[in-house]
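Before any comments, here is the structure.
In what follows, chains carry the letters A, B, and so on, assigned in the order in which the sequence lines appear, proteins first and then strands, with residues in each chain numbered from 1.
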Amino acid sequence: MKNKLSNKFPNIEFAEDLELLTMTIPQEDYLSLMQLLRDEFGFDYLFSMTGMDWGKDLGITNHLENTNTHEMVVVKVLFPDRENPEIETLEKIWKTAHLHEREIFDLFGINFKGHSVMKRIMLTDDWEGHPMRKDWMDETKMIIR
Amino acid sequence: MSYFGDIFGGIRSLLTGMKITGGYFFPSIIGRKYTITRQYPEEPAVVAERFKGEVVMWHNENNEHRCTGCQACEIACPNGTIEIIWDRVLNEETGKKVKVIDKHIYHLGMCTMCNLCIQACPTNAIMWSTNFHNATFDRSQLTKVLNHPGSKLMTGVEE
Amino acid sequence: MEQVIYNSADLKSQEYFINMGPQHPAAHGVLRLILTMDGEMVKNIEPDLGYIHRSIEKQCEHEGYKQIIHLTDRLDYLSSHMNNEAVALAIEQAMQIEVPERVKVIRTIMGELTRIASHLLWWGVMGMDVGALTTFMYAFRDREMINDIMEETCGARLTMSYSTPGGVMFDLHPNFVNRVKEFIPHLRSVIPKYDELLTGNIIFQKRMKNVGFLSAQDAISLGASGPVARGSGVSCDRRIIEPYSALSKVDFKEILYQEGDNLARYNVRMKEMYESLHIIEQLIDNIPDDGIQAKTKALIKLPKGEFLQRVETARGDFGVYIVSDGKKNPYRVKFRSPGFSNLNTLMEIGKNQLLGDLIAISATMDFVIPDIDR
Amino acid sequence: MILTNTTNYFSQFIAYFSDTIGWGMGGQILAYVLIAIVYLIFFALAGLYLVYLERRVAAFFQLRLGPNRVGPWGLMQTIADALKLLSKEIFGTDRKDKLLYHTAYYLVIVAALISLSVIPFSNGIAAYDINIGVFFISAVSSVGILGLLIGGWGSNNKYGVLGGMRSGLQMISYELSSGLAILTIVLMAGSLQLSEIIHQQQAGWFLWRGHIPALIAFVIFVIAGTAESNRTPFDLPEGEAELGAGYHTEYSGMGFAWFFLAEFINMFIISAVGVTLFLGGWLAPFGITDGLGMPWLWGFIWFFIKVGLMIFLLMWFRWTFPRLRIDQLLTLEWKYLLPIGLVNIILMAVLVYYHLVF
């Protein structure tokens with residue numbers, strides 16, 4: 001599987017030391033990789049989408065599961081551009097991505113192109129900033145010990 | 001015919017349901033047999049001995065506690081519920097400066113009863129009380145000082 | 001005389017919005033659904049979350065690993081034990097701690113008791129949502145017995161904070177085994193009564209059957225898990241796929257229904273209570289006696305890496321994803337909550353249903369709002 | 001003992017009172033007012049104590065005890081609640097239609113109160129014993145529905161409108177069935193006057209004398225009556241899990257309390273009509289208390305025992321069954337109750353024609 005993916009996507013990187021098969025994919029190949037994983041490898045269950053702030057880059061970590069074999073893969077995508085990160089939505093492949101992507105948009109500020117309702121879901125519409133980012137600070141309300 | 005079958009089946013299912021509720025109702029009015037609620041102030045609530053009501057500090061009859069002010073509980077606490085105000089005081093007998101607590105402050109309003117402070121305490125100074133009457137009219141009353149006024153460290157509890 | 005011919009196509013209805021929630025009797029908390037309605041028909045559902053968002057994931061980034069546990073209680077408070085267990089298992093997996101057998105058995109028993117308690121509460125509230133108000137008290141009577149058992153051992157009734165990394169907080173109370181043994185036959189005797197009261201009722205059957213259909217493909221695509229997915233015939237019980245704690249030692253069935261309607265989801269939960277009782281019965285008699293805490297350091301530091309632990313809570317597939325950079329705090333913690341994905345399911349299958357059906361569907365989804373909002 | 005006299009104690013009282021006071025027409029009006037006050041007090045007390053009864057009965061169904069603190073056995077609880085509601089601020093939305101909003105609850109209580117006036121509580125005790133009593137009740141109780149409808153509409157709340165519309169839908173449908181059930185008995189009795197219907201039942205209650213069609217009519221009447229009094233399983237207009245509080249979402253304080261009381265009085269009326277038509281009204285079962293003197297007092301006692309049992313039945317329904325969905329509600333009416341009721345009335349007509357009823 002690794003070889004197959006490497007052939008198809010030359011820029012894919014596999015992490016070595018993790019328990020689950022973890023791959024990092026450039027933004028432009030993201031959608032086609034996810035489609036491929038679902039259609040050819042049977043990873044039809046989008047377990048979770050996690051927004052990440054790696055300090056330098058923003059990122060999304062997707063956990064996929066094959067509902068027949070119960071294998072899991074992790075697909076990561078990184079955004080070096082912190083100001084307006086943007087990527088294609090997975091909504092058309094997995095319907096569950098709808099809410100997950102809205103949450104990531106809300107808390108990390110990653111914009112999903114083609115998403116049907118790209119609005120804040122947790123916070124109010126006039127909220128400034130994206131609180132789950134590491135550099136987000138609220139001087140008055142956050143107490144960090 | 002299913003039309004009438006539906007009607008009779010339906011009525012029968014409704015009657016079975018009424019049998020269940022009636023089966024609880026009639027014994028309840030006669031002997032309060034199935035009544036499960038407790039008449040609270042008259043019948044006091046039974047609380048398990050391990051119930052995590054609030055953190056208290058144990059004092060003996062001489063107004064002595066076991067807290068050495070090591071701050072293990074303060075570090076273990078996930079949300080800053082415990083604050084210890086301490087000082088180093090010269091001990092006359094040994095001539096050394098010893099850590100002595102001034103106030104062991106406990107914010108009950110912030111406590112989530114996670115038991116980590118009590119697990120962390122090396123001298124078993126603090127413990128759970130099963131008191132659950134914690135409602136107050138003012139939030140400031142939820143901030144409690146656990147060591148009694150004028151209390152001091154029990155002898156024999158070394159640091 | 002002038003003749004006016006009315007065409008049914010001319011009779012236009014106007015769509016309007018209803019804010020169902022954040023305070024609504026059927027929302028079970030502060031779920032706000034913005035419904036686009038056409039008469040009694042729900043055309044679109046748009047959730048607005050965040051009314052109980054406490055940003056637990058962000059809080060976790062500033063807490064030590066032991067201190068995370070108590071926050072997970074507050075996620076899905078009805079399956080708090082399973083949430084605790086998930087974090088504890090994730091940390092143990094990362095640190096490669098082998099916990100004593102006793103701990104595993106205790107965790108499994110506690111987890112199943114919590115599951116029963118959660119399902120009982122769900123059953124009571126389910127009845128209330130469809131209008132049968134008495135079910136609530138009957139369910140609470142039995143749930144109270146579980147809560148008393150929990151209180152005796154864990155010191156708390158709901159937010160137990162019982163599992164810790166490497167073990168459990170307290171040892172079992174001496175009464176625990178006896179009380180659980182008393183509880184099992186009691187519950188077995190009352191569930192058939194529940195069935196007679198609500199399940200068999202013709203009104204309830206009509207409300208539930210063929211309403212809120214969710215196909216297996218949709219269930220997978222919508223990320224449904226737990227009883228919601230199992231009601232559609234998707235096998236997704238983590239307890240069988242990847243047995244954790246003492247679940248590998250017990251023998252139980254996964255309840256699967258193929259219908260995918262409300263009644264199937266309802267039946268899954270009712271049958272799951274029996275299975276949970278069956279699991280407890282197998283374990284309760286011989287709890288091993290080898291300590292309740294594995295040796296751990298006072299300050300837990302996870303090795304650098306990413307760790308995922310999934311457990312089956314009462315609501316479905318709960319995932320803890322910890323990214324560690326080797327410090328005493330996690331770099332990022334993600335709680336994948338089953339309710340969040342199930343809410344997506346509601347958004348999909350609640351469309352073009354009557355308002356009353358939407359309530360019934362959301363009742364079978366069994367939402368706990370803090371679990372959705374985190 | 002065969003009661004042939006149709007003396008009405010109320011009309012006697014009016015005649016006596018106006019004669020003694022001697023103001024002519026004024027004395028009569030005063031007498032009417034006095035009777036109305038008695039009825040109002042009865043209305044309030046019955047409403048409050050039905051609420052108390054409901055809470056107690058619900059509590060015992062639900063393994064609880066119910067209100068038992070205020071007064072002995074908690075008997076003063078609902079009075080205290082009413083006082084609390086009286087003293088509460090009445091607030092509503094700004095954009096309500098003030099006229100409709102405030103007319104609604106008056107309509108509801110006035111309708112309930114008027115229906116109360118024709119019900120014979122005992123032998124010769126009915127404030128307004130007209131010869132079309134049954135018809136009158138059906139007609140007046142429809143006015144109450146108007147109250148719910150305009151209350152829901154006038155409060156300018158979507159839940160209110162939905163609740164009001166649902167109540168209109170439900171009442172219009174179920175009034176047909178309850179009307180047909182009543183007609184089945186009227187066929188037997190040959191009279192629309194409630195006291196006359198009771199007198200006819202001296203030979204045996206209509207539920208017994210009309211055997212099969214009367215039993216069917218009784219079941220239909222109970223179902224339709226539950227629906228008309230907006231109680232579970234037909235509490236869609238206020239279905240709390242769906243609509244919050246339905247038509248009275250925007251009402252507070254006493255405005256809400258009127259709706260609430262009227263609902264319970266409606267339940268009382270439904271039960272009273274059911275008892276009068278099917279269970280012999282204030283007649284003692286098998287005449288067991290006939291020879292004991294004070295027939296009007298025994299009439300009261302038997303009437304209230306029967307009505308209490310009937311109300312208990314409705315409460316039992318409420319605390320057992322889930323709620324129907326709106327389309328199932330209509331299906332039940334139009335596909336089951338109405339055709340059965342129509343067939344039933346024909347059956348009854350045939351039986352009465354051939355003297356096959358007892």
Side-chain angles (χ1 to χ4, degrees), chain C residues 14-21 23-28 35-37 39-42 124-142 144 190 196-209 211 262 266 353-363, chain D residues 54-55 57-66 93 152 156-170 223 226-227 230-246 249 315-332 335-336:
Chain C
Q14 193 186 345
E15 288 190 349
Y16 60 100
F17 291 97
I18 272 194
N19 277 308
M20 207 182 95
Q23 276 87 33
H24 189 275
H28 303 189
L35 307 178
T36 313
M37 306 271 295
E40 286 264 344
M41 195 70 89
V42 178
V125 176
M126 168 99 223
M128 278 179 91
D129 276 352
V130 294
L133 298 165
T134 308
T135 58
F136 184 74
M137 288 300 288
Y138 292 175
F140 259 60
R141 173 192 57 187
D142 304 325
E144 202 70 3
V190 291
E196 282 179 24
L197 175 60
L198 192 64
T199 319
N201 191 304
I202 176 107
I203 303 172
F204 185 76
Q205 289 273 337
K206 295 246 168 184
R207 286 292 300 274
M208 291 289 127
K209 235 179 213 167
V211 173
N262 276 354
Y266 174 90
Q353 303 277 359
L354 292 168
L355 182 61
D357 280 343
L358 175 72
I359 306 293
I361 295 167
S362 80
Chain D
E54 169 99 311
R55 287 172 68 179
V57 168
F60 284 117
F61 274 127
Q62 299 186 342
L63 320 173
R64 298 184 280 122
L65 285 177
T93 47
N156 197 3
N157 177 309
K158 286 163 189 164
Y159 287 124
V161 174
L162 269 177
M165 289 300 158
R166 279 181 177 191
S167 80
L169 201 64
Q170 176 174 329
I223 294 172
T226 321
N230 282 339
R231 296 171 62 78
T232 319
F234 303 99
D235 63 342
L236 287 112
E238 51 187 308
E240 72 166 66
E242 291 162 28
L243 300 181
T249 307
M315 286 179 180
W316 198 344
F317 289 162
R318 172 161 184 181
W319 299 107
T320 306
F321 299 145
R323 181 186 305 124
L324 277 93
R325 207 171 55 208
I326 188 78
D327 59 326
Q328 290 165 351
L329 180 99
L330 298 178
T331 310
L332 176 67
K335 281 174 110 172
Y336 291 91

So which part of C:I359 gets closer than 4.5 Å to some heavy atom of chain D, the side chain, the backbone, both or neither?
-> side chain

Find the distance between CD1 (C:I202) and CG (D:L332) and round it off to the nearest 0.5 Å.
-> 10.0 Å

Kindly give the heavy-atom pair with the smallest separation between D:F61 and C:Y138, and that separation in Å.
-> O-OH, 2.8 Å

Using non-hydrogen atoms only, which part of C:D129 is less than 4.5 Å away from chain D: side chain, backbone, both, or neither?
-> both

Is the shortest heavy-atom distance from the side chain of D:R323 to the side chain of C:I203 under 4.5 Å?
-> no

C:L198 portion near chain D, given a 4.5 angstrom heavy-atom threshold = side chain

Does D:I326 offer a backbone N or O that forms a donor-acceptor pair with the side chain of C:E40 under 3.5 Å?
-> no

Under 4.5 Å from a heavy atom of chain D, the part of C:R207 involved | both

Backbone N/O of D:Q62 and side chain of C:T134: donor-acceptor pair under 3.5 Å | no

Quick one: pull up CE in C:M137 and CH2 in D:W319 and give me the separation to the nearest 0.5 Å.
-> 11.0 Å

D:R325 versus C:V211: any side-chain heavy-atom pair under 4.5 Å?
-> yes

Smallest heavy-atom separation, D:Y159 atom then C:M20 atom, equals OH-CA, 3.4 Å

Find out whether D:L162 and C:Y16 are in side-chain contact, i.e. whether some heavy atom of one side chain is under 4.5 Å from a heavy atom of the other.
-> yes

Using modelled atom types only, decide if a donor and an acceptor are shared between the side chain of C:K206 and the backbone of D:Q328 within a distance under 3.5 Å.
-> no

